[in-house]
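Not measured: the values here are computed from a predicted model.
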Amino acid sequence: MIIVGVDGSAAGLEAASWAAREAALRGTSLRVVHAMPKWASEMPGHGPYTDVARWMREGAESVLEEALTRIGEQEGDVAVDSALLPGDARIALIKAAEEAELLVVGNHGLGGFRGLLVGSVALGVAGRASCEVVVVRTLPVNVRRRIVVGVDGSPANAAAIDFAFSEAALHDTELHAVHAWRGLVAGGGFEAAASVQEEDGLRGMLTESVAEAARRHPDVKVTEHVVNGHPVEVLKEASAGAGLLVVGARGRSGLAGLVLGSVSNALLQHADCPVAVVPAR
(Lines give C-alpha, C1' and ligand atoms only; values in the text may rest on other atoms or scores of the structure.)
Protein backbone atom coordinates (compact mmCIF):
# COMPACT_ATOMS: atom_id res chain seq x y z
CA MET A 1 0.00 0.00 0.00
CA ILE A 2 0.87 3.68 -0.07
CA ILE A 3 0.79 5.52 3.26
CA VAL A 4 0.26 9.27 3.49
CA GLY A 5 0.69 11.26 6.68
CA VAL A 6 -1.68 14.18 7.27
CA ASP A 7 -1.87 16.74 10.06
CA GLY A 8 -4.56 19.19 9.03
CA SER A 9 -2.17 21.49 7.19
CA ALA A 10 -2.48 22.57 3.56
CA ALA A 11 0.73 20.67 2.79
CA GLY A 12 -0.76 17.52 4.32
CA LEU A 13 -3.81 17.79 2.06
CA GLU A 14 -1.56 18.32 -0.97
CA ALA A 15 0.31 15.16 0.06
CA ALA A 16 -3.00 13.27 0.31
CA SER A 17 -3.97 14.39 -3.21
CA TRP A 18 -0.58 13.38 -4.61
CA ALA A 19 -0.72 9.99 -2.88
CA ALA A 20 -4.25 9.34 -4.16
CA ARG A 21 -3.20 9.97 -7.77
CA GLU A 22 -0.20 7.71 -7.30
CA ALA A 23 -2.32 4.92 -5.77
CA ALA A 24 -4.78 5.14 -8.67
CA LEU A 25 -1.97 4.76 -11.21
CA ARG A 26 -0.35 1.90 -9.33
CA GLY A 27 -3.66 0.14 -8.68
CA THR A 28 -2.82 -0.17 -5.01
CA SER A 29 -4.55 0.76 -1.76
CA LEU A 30 -3.99 3.94 0.20
CA ARG A 31 -3.85 4.42 3.96
CA VAL A 32 -4.23 7.89 5.46
CA VAL A 33 -2.62 8.23 8.88
CA HIS A 34 -2.35 10.88 11.56
CA ALA A 35 -0.12 10.73 14.65
CA MET A 36 -1.20 11.89 18.08
CA PRO A 37 0.34 11.65 21.58
CA LYS A 38 0.21 8.13 22.93
CA TRP A 39 -1.27 9.19 26.27
CA ALA A 40 -4.17 10.91 24.51
CA SER A 41 -4.93 7.88 22.37
CA GLU A 42 -4.95 5.44 25.31
CA MET A 43 -6.25 7.37 28.35
CA PRO A 44 -9.37 5.62 29.79
CA GLY A 45 -11.88 6.74 32.43
CA HIS A 46 -13.07 10.22 33.29
CA GLY A 47 -11.63 13.54 34.48
CA PRO A 48 -10.06 16.67 33.02
CA TYR A 49 -7.17 14.86 31.37
CA THR A 50 -9.56 12.44 29.73
CA ASP A 51 -11.59 15.38 28.42
CA VAL A 52 -8.44 16.79 26.84
CA ALA A 53 -7.62 13.40 25.36
CA ARG A 54 -11.14 13.11 23.95
CA TRP A 55 -10.85 16.59 22.44
CA MET A 56 -7.49 15.69 20.87
CA ARG A 57 -8.87 12.44 19.47
CA GLU A 58 -11.88 14.19 17.97
CA GLY A 59 -9.55 16.70 16.36
CA ALA A 60 -7.37 13.90 14.99
CA GLU A 61 -10.37 12.10 13.54
CA SER A 62 -11.54 15.31 11.86
CA VAL A 63 -8.09 15.66 10.24
CA LEU A 64 -8.43 12.16 8.80
CA GLU A 65 -11.99 12.82 7.67
CA GLU A 66 -10.98 15.98 5.84
CA ALA A 67 -8.25 14.12 3.96
CA LEU A 68 -10.57 11.20 3.16
CA THR A 69 -13.18 13.60 1.78
CA ARG A 70 -10.62 15.25 -0.48
CA ILE A 71 -9.37 11.89 -1.72
CA GLY A 72 -12.92 10.67 -2.37
CA GLU A 73 -13.71 13.76 -4.43
CA GLN A 74 -10.52 13.34 -6.44
CA GLU A 75 -9.98 9.59 -6.80
CA GLY A 76 -13.22 7.85 -5.85
CA ASP A 77 -12.11 4.44 -7.11
CA VAL A 78 -9.04 4.17 -4.85
CA ALA A 79 -9.33 1.70 -1.97
CA VAL A 80 -8.57 3.87 1.05
CA ASP A 81 -8.67 3.48 4.82
CA SER A 82 -7.35 5.52 7.74
CA ALA A 83 -5.60 5.03 11.06
CA LEU A 84 -4.53 7.00 14.10
CA LEU A 85 -0.92 6.35 15.07
CA PRO A 86 0.15 6.78 18.71
CA GLY A 87 3.38 8.58 19.54
CA ASP A 88 5.84 10.91 17.86
CA ALA A 89 4.90 11.46 14.23
CA ARG A 90 8.36 10.70 12.86
CA ILE A 91 8.76 7.41 14.73
CA ALA A 92 5.16 6.38 14.05
CA LEU A 93 5.44 7.04 10.31
CA ILE A 94 8.75 5.21 10.01
CA LYS A 95 7.23 2.18 11.74
CA ALA A 96 4.06 2.32 9.63
CA ALA A 97 6.16 2.55 6.46
CA GLU A 98 7.53 -0.95 7.12
CA GLU A 99 4.27 -2.22 5.58
CA ALA A 100 4.27 0.24 2.67
CA GLU A 101 5.80 0.54 -0.77
CA LEU A 102 5.75 4.33 -0.55
CA LEU A 103 5.43 6.94 2.21
CA VAL A 104 4.12 10.42 1.31
CA VAL A 105 4.23 13.49 3.57
CA GLY A 106 3.78 17.23 3.19
CA ASN A 107 6.82 19.44 3.30
CA HIS A 108 5.55 21.52 6.19
CA GLY A 109 3.11 20.91 9.02
CA LEU A 110 1.05 23.02 11.38
CA GLY A 111 3.84 23.16 13.93
CA GLY A 112 6.38 24.69 11.55
CA PHE A 113 8.23 27.92 12.24
CA ARG A 114 8.05 30.80 9.79
CA GLY A 115 11.11 30.79 7.54
CA LEU A 116 11.65 27.02 7.66
CA LEU A 117 10.94 25.46 4.27
CA VAL A 118 10.73 21.83 5.38
CA GLY A 119 9.25 20.59 8.63
CA SER A 120 10.87 18.29 11.14
CA VAL A 121 8.58 15.37 10.23
CA ALA A 122 9.54 15.45 6.53
CA LEU A 123 13.24 15.67 7.38
CA GLY A 124 12.84 13.04 10.09
CA VAL A 125 11.38 10.34 7.83
CA ALA A 126 13.26 11.02 4.58
CA GLY A 127 16.17 8.61 4.38
CA ARG A 128 15.12 6.78 7.54
CA ALA A 129 12.03 4.94 6.32
CA SER A 130 12.56 1.52 4.78
CA CYS A 131 10.70 2.57 1.61
CA GLU A 132 10.84 5.56 -0.71
CA VAL A 133 9.60 8.83 0.79
CA VAL A 134 7.96 11.54 -1.31
CA VAL A 135 7.84 15.04 0.18
CA VAL A 136 5.11 17.16 -1.44
CA ARG A 137 5.18 20.94 -1.46
CA THR A 138 2.25 23.32 -1.21
CA LEU A 139 3.84 25.31 -4.05
CA PRO A 140 1.81 25.02 -7.26
CA VAL A 141 3.33 22.43 -9.55
CA ASN A 142 2.42 21.36 -13.07
CA VAL A 143 0.69 18.06 -13.59
CA ARG A 144 3.43 15.48 -14.06
CA ARG A 145 5.36 16.10 -17.23
CA ARG A 146 8.97 15.03 -16.92
CA ILE A 147 10.71 13.27 -14.05
CA VAL A 148 14.24 14.25 -13.05
CA VAL A 149 16.75 11.97 -11.34
CA GLY A 150 20.09 13.01 -9.93
CA VAL A 151 22.91 10.64 -10.89
CA ASP A 152 26.26 10.61 -9.09
CA GLY A 153 27.73 7.27 -10.18
CA SER A 154 27.74 5.75 -6.69
CA PRO A 155 26.43 2.20 -6.08
CA ALA A 156 23.85 3.59 -3.64
CA ASN A 157 22.41 5.74 -6.44
CA ALA A 158 21.20 2.71 -8.41
CA ALA A 159 18.01 2.43 -6.33
CA ALA A 160 17.08 6.05 -7.09
CA ILE A 161 17.63 5.46 -10.81
CA ASP A 162 15.44 2.34 -10.76
CA PHE A 163 12.67 4.21 -8.94
CA ALA A 164 12.84 7.12 -11.38
CA PHE A 165 12.52 4.84 -14.41
CA SER A 166 9.59 3.02 -12.82
CA GLU A 167 7.83 6.32 -12.13
CA ALA A 168 8.45 7.57 -15.66
CA ALA A 169 7.01 4.35 -17.08
CA LEU A 170 4.02 4.52 -14.73
CA HIS A 171 3.24 8.13 -15.67
CA ASP A 172 4.13 7.68 -19.35
CA THR A 173 6.49 10.61 -19.27
CA GLU A 174 10.08 11.35 -20.17
CA LEU A 175 12.97 11.06 -17.77
CA HIS A 176 15.86 13.49 -17.44
CA ALA A 177 19.00 11.96 -15.89
CA VAL A 178 21.24 14.74 -14.57
CA HIS A 179 24.84 14.59 -13.38
CA ALA A 180 26.40 17.73 -11.89
CA TRP A 181 30.15 18.07 -11.55
CA ARG A 182 32.58 20.59 -10.09
CA GLY A 183 36.30 20.22 -10.73
CA LEU A 184 38.87 21.88 -8.46
CA VAL A 185 41.77 23.82 -9.96
CA ALA A 186 45.18 24.51 -8.46
CA GLY A 187 45.15 27.50 -6.13
CA GLY A 188 41.46 27.15 -5.31
CA GLY A 189 38.24 27.69 -7.20
CA PHE A 190 36.42 25.50 -9.68
CA GLU A 191 36.92 24.62 -13.32
CA ALA A 192 34.83 26.61 -15.75
CA ALA A 193 34.71 23.72 -18.19
CA ALA A 194 35.88 20.14 -18.56
CA SER A 195 38.27 18.96 -21.23
CA VAL A 196 36.79 16.93 -24.07
CA GLN A 197 38.27 13.78 -22.53
CA GLU A 198 36.88 14.58 -19.07
CA GLU A 199 33.43 15.38 -20.42
CA ASP A 200 33.39 12.18 -22.46
CA GLY A 201 34.25 10.28 -19.27
CA LEU A 202 31.42 11.93 -17.34
CA ARG A 203 28.93 11.25 -20.10
CA GLY A 204 30.10 7.66 -20.25
CA MET A 205 29.60 7.30 -16.49
CA LEU A 206 26.08 8.72 -16.75
CA THR A 207 25.13 6.44 -19.64
CA GLU A 208 26.54 3.41 -17.83
CA SER A 209 24.71 4.33 -14.61
CA VAL A 210 21.29 4.36 -16.28
CA ALA A 211 21.89 1.54 -18.79
CA GLU A 212 20.47 -1.35 -16.76
CA ALA A 213 17.30 0.49 -15.74
CA ALA A 214 16.88 1.75 -19.33
CA ARG A 215 17.09 -1.82 -20.59
CA ARG A 216 14.27 -2.85 -18.25
CA HIS A 217 12.14 0.12 -19.34
CA PRO A 218 12.64 0.41 -23.12
CA ASP A 219 9.56 2.59 -23.58
CA VAL A 220 10.88 5.37 -21.34
CA LYS A 221 12.49 8.22 -23.24
CA VAL A 222 15.56 9.27 -21.26
CA THR A 223 17.62 12.40 -21.84
CA GLU A 224 21.07 12.64 -20.27
CA HIS A 225 22.53 15.91 -19.00
CA VAL A 226 26.07 16.55 -17.73
CA VAL A 227 26.19 20.01 -16.17
CA ASN A 228 29.02 21.96 -14.56
CA GLY A 229 27.78 23.30 -11.23
CA HIS A 230 26.94 22.45 -7.66
CA PRO A 231 24.52 19.49 -7.53
CA VAL A 232 21.98 21.41 -5.45
CA GLU A 233 21.90 24.35 -7.85
CA VAL A 234 21.83 22.16 -10.95
CA LEU A 235 19.08 19.84 -9.70
CA LYS A 236 17.02 22.71 -8.31
CA GLU A 237 17.04 24.33 -11.74
CA ALA A 238 16.16 21.01 -13.36
CA SER A 239 13.24 20.57 -10.95
CA ALA A 240 11.46 23.72 -12.19
CA GLY A 241 8.35 22.55 -14.00
CA ALA A 242 9.08 18.87 -13.33
CA GLY A 243 6.55 16.48 -11.87
CA LEU A 244 9.01 14.78 -9.54
CA LEU A 245 12.67 15.02 -8.57
CA VAL A 246 14.28 11.73 -7.49
CA VAL A 247 17.45 11.62 -5.38
CA GLY A 248 19.26 9.04 -3.33
CA ALA A 249 19.21 9.31 0.44
CA ARG A 250 23.00 9.48 0.47
CA GLY A 251 25.45 10.24 -2.29
CA ARG A 252 29.03 9.43 -3.12
CA SER A 253 30.41 11.78 -0.46
CA GLY A 254 28.15 10.53 2.35
CA LEU A 255 29.75 10.22 5.77
CA ALA A 256 29.22 7.23 8.03
CA GLY A 257 26.42 7.91 10.48
CA LEU A 258 24.61 10.45 8.30
CA VAL A 259 21.25 9.13 7.14
CA LEU A 260 20.38 11.93 4.71
CA GLY A 261 23.09 13.41 2.51
CA SER A 262 23.67 17.15 2.25
CA VAL A 263 22.46 17.35 -1.35
CA SER A 264 19.23 15.47 -0.62
CA ASN A 265 18.66 17.58 2.47
CA ALA A 266 19.15 20.84 0.57
CA LEU A 267 16.86 19.75 -2.27
CA LEU A 268 14.08 18.95 0.18
CA GLN A 269 14.41 22.58 1.22
CA HIS A 270 14.69 24.22 -2.19
CA ALA A 271 13.41 22.04 -5.06
CA ASP A 272 10.48 23.41 -7.04
CA CYS A 273 8.53 20.13 -7.21
CA PRO A 274 7.83 17.06 -5.08
CA VAL A 275 11.00 15.22 -4.08
CA ALA A 276 11.39 11.45 -3.78
CA VAL A 277 14.17 10.31 -1.45
CA VAL A 278 15.19 6.73 -2.21
CA PRO A 279 17.20 4.66 0.30
CA ALA A 280 19.99 2.46 -0.98
CA ARG A 281 19.11 -1.20 -1.21
Side-chain angles (χ1 to χ4, degrees), residues 1-35 60-61 63-85 89-109 118-119 121-138 141 143-144 147 149 159-160 162-173 217 242-249 264 268 271 273-279 281:
M1 76 180 88
I2 293 174
I3 291 179
V4 57
V6 297
D7 61 359
S9 67
L13 288 175
E14 288 294 329
S17 293
W18 193 97
R21 291 192 295 270
E22 187 74 9
L25 282 172
R26 294 189 182 205
T28 190
S29 61
L30 175 64
R31 175 165 294 168
V32 185
V33 300
H34 173 72
E61 289 172 347
V63 166
L64 291 177
E65 187 61 33
E66 183 181 20
L68 290 172
T69 299
R70 179 156 175 169
I71 291 168
E73 293 172 348
Q74 177 182 306
E75 300 288 348
D77 294 334
V78 171
V80 57
D81 64 8
S82 63
L84 289 175
L85 306 179
R90 291 160 295 190
I91 297 173
L93 286 171
I94 290 171
K95 184 175 181 181
E98 294 174 358
E99 304 178 50
E101 60 185 270
L102 185 66
L103 173 62
V104 184
V105 295
N107 72 308
H108 215 274
V118 177
V121 172
L123 287 176
V125 299
R128 291 176 171 83
S130 56
C131 63
E132 292 85 2
V133 175
V134 174
V135 178
V136 180
R137 293 189 166 281
T138 55
V141 295
V143 176
R144 285 179 180 271
I147 291 174
V149 59
D162 287 344
F163 179 81
F165 268 90
S166 296
E167 284 292 289
L170 182 67
H171 292 271
D172 190 24
T173 190
H217 299 280
L244 183 68
L245 171 63
V246 182
V247 293
S264 302
L268 285 177
C273 68
V275 178
V277 178
V278 181
R281 296 195 184 98

* Just wondering, do W18 and I2 contact through their side chains at under 4.5 Å, heavy atoms? -> no
* **V6 side chain reached by L64 side chain, heavy atoms, under 4.5 Å** => yes
* Donor-acceptor contact below 3.5 Å, side chain R31 vs main chain A100 -> no
* Asked: Taking V121 as the fixed residue, which of D7, N107, L93, V135 is the one that meets the side chain to side chain contact (heavy atoms under 4.5 Å, CB included) rule?
  -> L93
* Asked: Which heavy atom of G8 sits nearest a heavy atom of V63, and at what distance?
  -> N-CG1, 3.3 Å
* **Note, E22 side chain near L170 side chain (heavy atom, < 4.5 Å)** => yes
* Inter-residue atom distance L85.CG - I94.CD1, 0.5 Å rounding -> 12.0 Å
* Please report the closest heavy-atom contact between A23 and L30, naming both atoms and the distance. => CB-CB, 4.2 Å
* Atom CD1 of I147 and atom CG of L245: how far apart are they, to the nearest 0.5 Å? -> 10.5 Å
* Asked: How many angstroms lie between CZ in R70 and CG in L13, if you round to the nearest 0.5 Å?
  -> 5.0 Å
* Structure fact -> In short, L103 meets A97 closest at the heavy-atom pair CD2-CB, 4.1 Å
* Structure fact -> Closest non-hydrogen atoms of A160 and V149, given as atom of the first, atom of the second and distance, are O-CG2, 3.9 Å
* To do: State whether the side chain of S29 and the backbone N or O of M1 hold a donor-acceptor pair below 3.5 Å, judged by distance alone.
  => no
* Can you check whether L102 reaches V104 side chain to side chain, under 4.5 Å on heavy atoms? -> yes
* Which heavy atom in A276 sits nearest to a heavy atom in L244, and how many Å separate them? -> N-CD1, 4.0 Å
* Approximate separation, where rounding is to 0.5 Å, of E75 CD and R21 CZ -> 7.5 Å
* Between CD of E167 and CG of D172, what distance do you get to the nearest 0.5 Å? -> 13.0 Å
* Got a donor-acceptor contact below 3.5 angstrom from the H34 side chain to the L84 backbone? -> no
* Between A19 and V4, what is the shortest heavy-atom contact and its length? -> CB-CB, 3.8 Å
